[in-house]
Amino acid sequence: MPTRTRGAYEADRAALEIKAQAGFRHLRIAGRDVRDYDPALGPGLGCLAVLKDHGFVADPGGYVAALARAFEAEGGRLHRTEVDALRIEDGAVSGVMAGGEALSADRVLVTAGVGARALLAGLGLTLPLESERGYHYQLASGDGGPRQPLMVAEGAFVATPMAAGTRLAGVLEFGGTEAGPSEAPFALIRKQGARAFPGLDWQGATRWMGHRPGLPDSLPLLGEVGPKGLWAGVGHHHVGLTAGPKTGRLLAEAMLDRRPNIDLAPYGAARFGLTR
């Protein structure tokens, strides 16, 4: 985590101490040693907090595609279509309507991100789910970018070396799901990115805005909602890629009437009045 000055580093000490309590202690690097650590960093950054033992996914699309292949190899079936509605009969879920086709099931798990709000609303269930709109630049080249993920504190963005080039991602914006992207977040990321990494190659850069699903208490919803057999796993804010595997295991156990190894009550639907 690069900062411009020692003072900026000190201002973030509370967050670093919380990470240390969770087992992620950091090494502080300052002055000319910052450039020795990563030559891509600009001269305006004078202090660096290095946290080790982290991993990252350089190709999220490839990662998810591999999961889909593994699912099919174990007997699962994928239907690549849009879900139109949830089917309910006699107070219990009976399947979904997808692409004009009725698919039968006695258990349905909704993991549609911010789209879960509309699906549940079709059953009269109000979920206080909001889109935390996120923005990023995907650079076609890794030239001038970091050799490992770096969060630049003053710019409030993360630079990551991806399989397809450097990605600069950040910004949280509440703007709903209907409005198009705002220009200001893109301008901010580009300005701060160029300042932190002066050697970046911006040719061929593409821009993206997406919807990260957030609930008001910052916890995901994991559990049965509304009609019998209807389950949800939504609201992971910015950590869906990393929290997804654990969520899948916990919900699979709960849906098969096995006891998960953690108490799911704090994540349940009762806190939003969505239980049966």
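Since the model is a prediction, treat every value here as computed from it, not as a measurement.
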Q: So V225 and L123, do their side chains get closer than 4.5 Å, heavy atoms only?
A: no

Q: Are more than 12 heavy atoms from other residues, nucleotides or ligands located less than 6.0 Å from atom CG of D53?
A: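 No, not enclosed.
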
Q: Are V234 and L264 connected in the hydrophobic side-chain network, where two residues link if heavy atoms are under 4.5 Å apart?
A: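 As far as the 4.5 Å side-chain criterion goes, L264 and V234 are not connected within one cluster.
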
Q: State yes or no: do L139 and V171 share one hydrophobic cluster built from I, L, V, M, F, W and Y residues joined by side-chain heavy-atom distances below 4.5 Å, directly or via other members?
A: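 Yes, L139 connects to V171 through the hydrophobic network.
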
Q: Would you say the side-chain atoms of S141 pair up with the backbone N or O of D143, donor to acceptor, closer than 3.5 Å?
A: yes

Q: Contact between L78 and F71 at the side-chain level, heavy atoms closer than 4.5 Å - yes or no?
A: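 Yes, close enough: below the 4.5 Å cut-off.
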
Q: Taking the side chain as C-beta and beyond, is there a heavy-atom pair between P161 and P149 under 4.5 Å?
A: yes

Q: Please tell me whether S182 and E173 have a donor and an acceptor in their side chains that are separated by less than 3.5 angstrom.
A: yes

Q: Could you tell me whether the side chains of H237 and S218 share a donor-acceptor contact shorter than 3.5 Å?
A: no

Q: Just verifying a value: how many Å separate L51 CG and L16 CG, rounded to the nearest 0.5 Å?
A: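 Result: 6.5 Å between the selected atoms.
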
Q: Would you check if S131 and F174 make a side-chain contact, meaning some heavy-atom pair closer than 4.5 Å?
A: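 No. Closest side-chain heavy atoms not under 4.5 Å.
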
Q: If you count the non-hydrogen atoms of other residues, nucleotides and ligands that lie under 6.0 Å from OH in Y135, is the total more than 12?
A: yes

Q: Residues two or more places apart in sequence or in another chain: which of them pass side-chain contact (heavy atoms from CB on, under 4.5 Å) with E253?
A: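 Listed in chain order: R249, L250, R258, P260.
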
Q: Test V158 against L150 for side chain to side chain contact (heavy atoms under 4.5 Å, CB included), laying out the working first.
A: CA-CA 6 Å; V158 176; L150 290 174; over 6 Å; no

Q: Treating R87 as the side-chain partner and A105 as the backbone partner, does any N or O pair qualify as donor plus acceptor under 3.5 Å?
A: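 Side chain of R87 to backbone of A105: no pair is present.
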
Q: Testing the basics here: between F157 and G193, what is the closest heavy-atom pair and its distance to 0.1 Å?
A: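 Scanning both residues, the minimum pair turns out to be CZ-CA, 3.7 Å.
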
Q: Going from OG1 on T111 to CG on L251, what distance comes out if it is rounded to the nearest 0.5 angstrom?
A: 9.0 Å

Q: Under a 3.5 Å distance rule, please check whether R212 uses its side chain to pair with a backbone N or O of H238 as donor and acceptor.
A: no

Q: Can a salt bridge be assigned to the pair R207 and E183 using a cut-off of 4.0 Å between side-chain N and carboxylate O?
A: yes

Q: Do any side-chain atoms of residues 18-31 form donor-acceptor pairs under 3.5 angstrom with protein atoms, and if so which ones, sequence neighbours left out?
A:
| from | atom 1 | to | atom 2 | distance (Å) |
| --- | --- | --- | --- | --- |
| H26 | NE2 | Y9 | OH | 2.8 |

Q: I'd like to know whether M255 forms a side chain to side chain contact (heavy atoms under 4.5 Å, CB included) with L109, so could you lay out the CA-CA distance, the side-chain angles of the two residues, the decisive distance to 0.1 Å, and finally the verdict.
A: CA-CA 9 Å; M255 293 172 72; L109 173 59; 4.1 Å; yes

Q: How long is the gap from OG1 on T177 to CZ on R133, to the nearest 0.5 Å?
A: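 Reported value, rounded in 0.5 Å steps: 8.5 Å.
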
Q: Please round to the nearest 0.5 Å and tell me the distance separating atom CZ of F186 and atom CE of M209.
A: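 Rounded to the nearest 0.5 Å, the CZ-CE separation comes to 7.5 Å.
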
Q: Quick check: closest heavy atoms across A159 and F197, and the distance to 0.1 Å?
A: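 Shortest heavy-atom contact: CB-CE1, 3.6 Å.
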
Q: Is there a path of hydrophobic side-chain contacts, each under 4.5 Å between heavy atoms of I, L, V, M, F, W or Y residues, that connects F272 with W231?
A: no

Q: To check you understand the geometry: which heavy-atom pair defines the closest contact between V108 and V96, and what is its length?
A: CG1-CG1, 3.9 Å

Q: With Q138, which residues qualify under side chain to side chain donor-acceptor pair (under 3.5 Å), at least two apart?
A: R167

Q: Side chains of L274 and T126, heavy atoms from C-beta outward: is any pair under 4.5 Å?
A: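 Not in contact.
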
Q: Consider side-chain contact (heavy atoms from CB on, under 4.5 Å). Of L241, L222, L221, L215, which one does H236 pass it with?
A: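 Single pass found, and it is L222.
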
Q: What are the two closest non-hydrogen atoms of G235 and L129, and how far apart are they?
A: CA-CD1, 4.0 Å

Q: Return yes if some donor-acceptor pair links the side-chain N/O of D84 with the main-chain N/O of G99 below 3.5 Å, else return no.
A: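 A pair under 3.5 Å: yes.
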
Q: I want to know whether W202 and Y137 have ring centres closer than 6.0 Å.
A: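 Ring centres of Y137 and W202 closer than 6.0 Å.
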
Q: Hey, mind stepping through R271 and D217 against side chain to side chain contact (heavy atoms under 4.5 Å, CB included) and telling me if it holds?
A: CA-CA 10 Å; R271 70 193 203 270; D217 57 4; 2.5 Å; yes

Q: Answer yes or no: is there a side-chain heavy-atom contact under 4.5 Å between P216 and E130?
A: no

Q: Does the side chain of D33 reach to within under 4.5 Å of the side chain of C47, using non-hydrogen atoms?
A: no

Q: With no hydrogens and no angle check, is any side-chain donor or acceptor of E132 less than 3.5 Å from a backbone partner on H211?
A: no

Q: Indicate yes or no: at least one non-hydrogen side-chain atom of V57 is less than 4.5 angstrom from one of T242.
A: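 Sidechains of T242 and V57: no contact.
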
Q: Check the pair L103 / E101 against side chain to side chain contact (heavy atoms under 4.5 Å, CB included), numbers first and verdict last.
A: CA-CA 6 Å; L103 303 176; E101 180 183 2; 3.5 Å; yes

Q: Once rounded to the nearest 0.5 Å, what's the spacing between atom CG of L125 and atom CG of L119?
A: 11.0 Å

Q: Would you find a donor on one side and an acceptor on the other, under 3.5 Å apart, between the side chain of D59 and the backbone of G62?
A: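 Between the backbone of G62 and the side chain of D59 there is a qualifying donor-acceptor contact (under 3.5 Å).
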
Q: Give the cluster check for Y63 versus F56: same hydrophobic cluster or not, with ILVMFWY residues linked at side-chain heavy-atom distances below 4.5 Å.
A: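 Hydrophobic grouping puts Y63 apart from F56.
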
Q: Could you grab the distance from atom CZ of R69 to atom CD of E72, nearest 0.5 Å is fine?
A: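 Output value for this atom pair is 9.5 Å.
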
Q: Ignoring hydrogens, what is the shortest heavy-atom contact between P146 and D38? Give both atom names and the distance.
A: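 Minimum heavy-atom contact is CA-OD2, 3.5 Å.
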
Q: Show the nearest heavy-atom pair for residues P198 and L41, with the distance to one decimal.
A: CD-C, 4.4 Å

Q: When clusters are formed by joining ILVMFWY residues with side-chain heavy atoms under 4.5 Å apart, either directly or through shared neighbours, do L120 and M97 land in the same one?
A: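 No, no single cluster joins them.
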
